[in-house]
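The next block holds one structure in the form of structure tokens; read it before the comments.
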Amino acid sequence: MLELPILQDIQAEKAVSSAVNSLNQPKLYVETYGCQMNVNDTEIVQGVMNDSGYAMTDMPELADVILLNTCAIRDNAEKKIHERLNHLKYYKKRNKDLVVGILGCMAERLRETLLEKELVDLVVGPDEYRTVPELISKAYSGEKGIAVKLSRVETYDDILPFRTEGISAWVSIMRGCDKFCTYCVVPFTRGRERSRAFASIVDEAKALYDQGFKEITLLGQNVNSYRDEQSGHNFAELLDACAKAVPGMRIRYTTSHPQDMSDQLIETMAMHDNICKYIHLPVQSGSNRILALMNRTHPVEHYYERIEMIKKLMPNCALSTDIITGFPTETEEDHQETMELMKRVRYDGAFMFKYSPRERTKAWKMGDDIPDEVKVRRLNEIINQQNAIAREINQSLIGTIEHVLIEGPSKKNPMEWQGRTDTNKITIVPQNEHTPYVIGDIVPVKIVKTSSATLVGSLL
Ligand code: 5AD
Ligand code: SF4
């Protein structure tokens, strides 16, 4: 009698055959720099490459193709890539057939200049990722390739991002930016705003839920200007639809522009328990004069009014922001106004940067008159003040109960778990041998210790 193989045997066979397959497949290694949009774009490129027969590797020394997905937002982001490229020369020395490509914002900004580097075989901007497999084939026969056209319609709607981690997924809902803040290179490197179809985003959220993901983050340079072309639905309506479609999942989004942070959006967040109570709302400066020079399109009064509405409807909502110090002509008084704003809002977190002039932007023509030592001093002042505020806010959480989504072992101590609260605070949770929690569980914990960056919980 023919015996049917048992399930484990079938799984073992499958694992062996996929290992053999991946041995024969060419291998792709991608390194990602910059924002979350780039993280999701890397998954899109990996999806395209996987469809073309490539296997992924996380070891560059084993790769047939190495791609760097780059960031151009500040000069130091680009310096890092140049250093990495220098280092990749050693890989190419060892493997003459290795193909090296530059993707992303720096590819879009520097174009042919990058291709002049002997090492680089292809340069591909954010709207041309469908061409990557073809350009790689050409590179194998010694032909360098460039694809940097920006599109008014490309949203990669039909491409399945290649995702490995099973807890949190990035879902991009729109691309590009039309805001033209005067310091920012993004409108030039990522092109005009365009939104993905409403239904395809909701379907992706449902599919991710079915695959076991516990959290999605809706992504865009300025999600608040999302608009579905067919139905006219706005971002608040999209968020509402996602919250209803996957009630068992946590939903986050980033990034918002204060000008477009509508009442409807704040009300939608307040209405749904599964929309995380955390808003990243970049302000950049507390001075109306600087905000106008930055073309932020709103005064600080509008910002305060939005914060008040958020705090009224969601008293426990965490807030974070982006700040730039040393924008052209920034005076000591402007800087003090930023310090005041940060004291008044009391952010849970902030990303703080020194102004970095970018070619093609309007601010580039304003010069870079603030000496570096002044930029650094102002930056340190806002960082120190922010750390003290975050420490105080976190301390006030001691004794409260927080719900933590377990993401994996703690980096410092693998015997403990690490996860995030609804308000996006990293929290350490002890392991429990009696009721063992696993990655992906949402665990109620009592906060017992805090710093400016982390909470420590004890099991209830
Ligand atoms: N210099 C410094 N910081 C910048 N950002 C954008 N462009 C620049 C620049 N030229 C910061 C802004 C933005 C964040 C993503 O990066 O604060 O919100
Ligand atoms: Fe850049 Fe302003 Fe657009 Fe943000 S909103 S990506 S800072 S231009």
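Numbering of ligands and ligand atoms starts at 1, following listing order.
- In this structure, the separation between OG on S285 and CD1 on I323 is 7.5 Å, given to the nearest 0.5 Å.
- No donor-acceptor contact under 3.5 angstrom links the side chains of N295 and K362, judged on distance only.
- Close approach of ligand 1 to F353 (heavy-atom distance below 4.0 Å) involves ligand atoms 3 (N), 11 (C), 14 (C), 16 (O), 17 (O).
- The shortest side-chain heavy-atom distance between V374 and R377 falls under the 4.5 Å cut-off.
- Within the listing of ligand 2, atoms 6 (S) sit less than 4.0 angstrom from a heavy atom of V186.
- Look at C177 and atom 3 (Fe) of ligand 2: an N/O/S atom of the residue is under 2.8 Å from the metal.
- Distances shorter than 4.0 angstrom occur between a heavy atom of R296 and an atom of ligand 2.
- Under a 4.0 Å criterion applied to the non-hydrogen atoms of P187, ligand 2 contributes the atoms 8 (S).
- Residues N288 and E301 have side chains that bring a donor and an acceptor to within less than 3.5 angstrom of each other.
- Counting only heavy atoms of the protein, atom 7 (S) of ligand 2 lies nearest to Y183 OH, 3.4 Å.
- Considering backbone and side-chain atoms alike, S356 places an N or O below 3.5 Å from some N or O of ligand 1.
- For atom 7 (N) of ligand 1, the nearest protein heavy atom (residue, atom name, distance) is Y183 CD1, 3.3 Å.
- Of the protein's heavy atoms, Q221 CG, 3.4 Å lies nearest to atom 6 (S) of ligand 2.
- Q385 contributes atom CD, which lies 11.5 Å from atom OH of Y347 (distance to the nearest 0.5 angstrom).
- Evaluated by nearest non-hydrogen atom to atom 12 (C) of ligand 1, the leading choice among H257, R74, Q284, R358 is Q284.
- The pair R175-D41 meets the salt-bridge criterion, with a side-chain N (NZ, NE, NH1 or NH2) lying under 4.0 Å from an Asp/Glu carboxylate O.
- In I73, the parts holding a heavy atom less than 4.0 Å from any atom of ligand 1 are both the side chain and the backbone.
- For ligand 1, the atoms closer than 4.0 angstrom to any heavy atom of I324 are 3 (N), 4 (C), 5 (N), 12 (C), 17 (O).
- Under a 4.0 Å criterion applied to the non-hydrogen atoms of K179, ligand 2 contributes the atoms 3 (Fe), 5 (S).
- When all heavy atoms are compared, the tightest approach of R111 to I146 is C-CD1, 3.8 Å.
- Considering every non-hydrogen atom in both A390 and D348, the closest pair reads CB-O, 3.7 Å.
- Given atom 2 (Fe) of ligand 2, the protein heavy atom at minimum distance is C181 SG, 2.3 Å.
- At least one N/O/S atom of C184, whether from backbone or side chain, sits less than 2.8 Å from atom 1 (Fe) of ligand 2.
- Atom 4 (Fe) of ligand 2 is never approached by the protein to below 4.0 angstrom, counting heavy atoms only.
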Next item on the list: Begin with the C-alpha distance, continue with both residues' side-chain angles, and end with the deciding distance and a verdict on ring-ring contact (aromatic ring centres under 6.0 Å, His included) for F188 and F180.
Entry: CA-CA 9 Å; F188 303 96; F180 285 95; 5.7 Å; yes
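- Close approach of ligand 1 to D322 (heavy-atom distance below 4.0 Å) involves ligand atoms 13 (C), 14 (C), 15 (C), 17 (O), 18 (O).
- For Y33 and E31, the side-chain atoms include at least one donor-acceptor pair closer than 3.5 Å.
- Close approach to K354 involves these atoms of ligand 1, each under 4.0 Å from a residue heavy atom: 1 (N), 2 (C).
- Annotation: side chain of M49 is not in contact with side chain of V30 (no heavy-atom distance under 4.5 Å).
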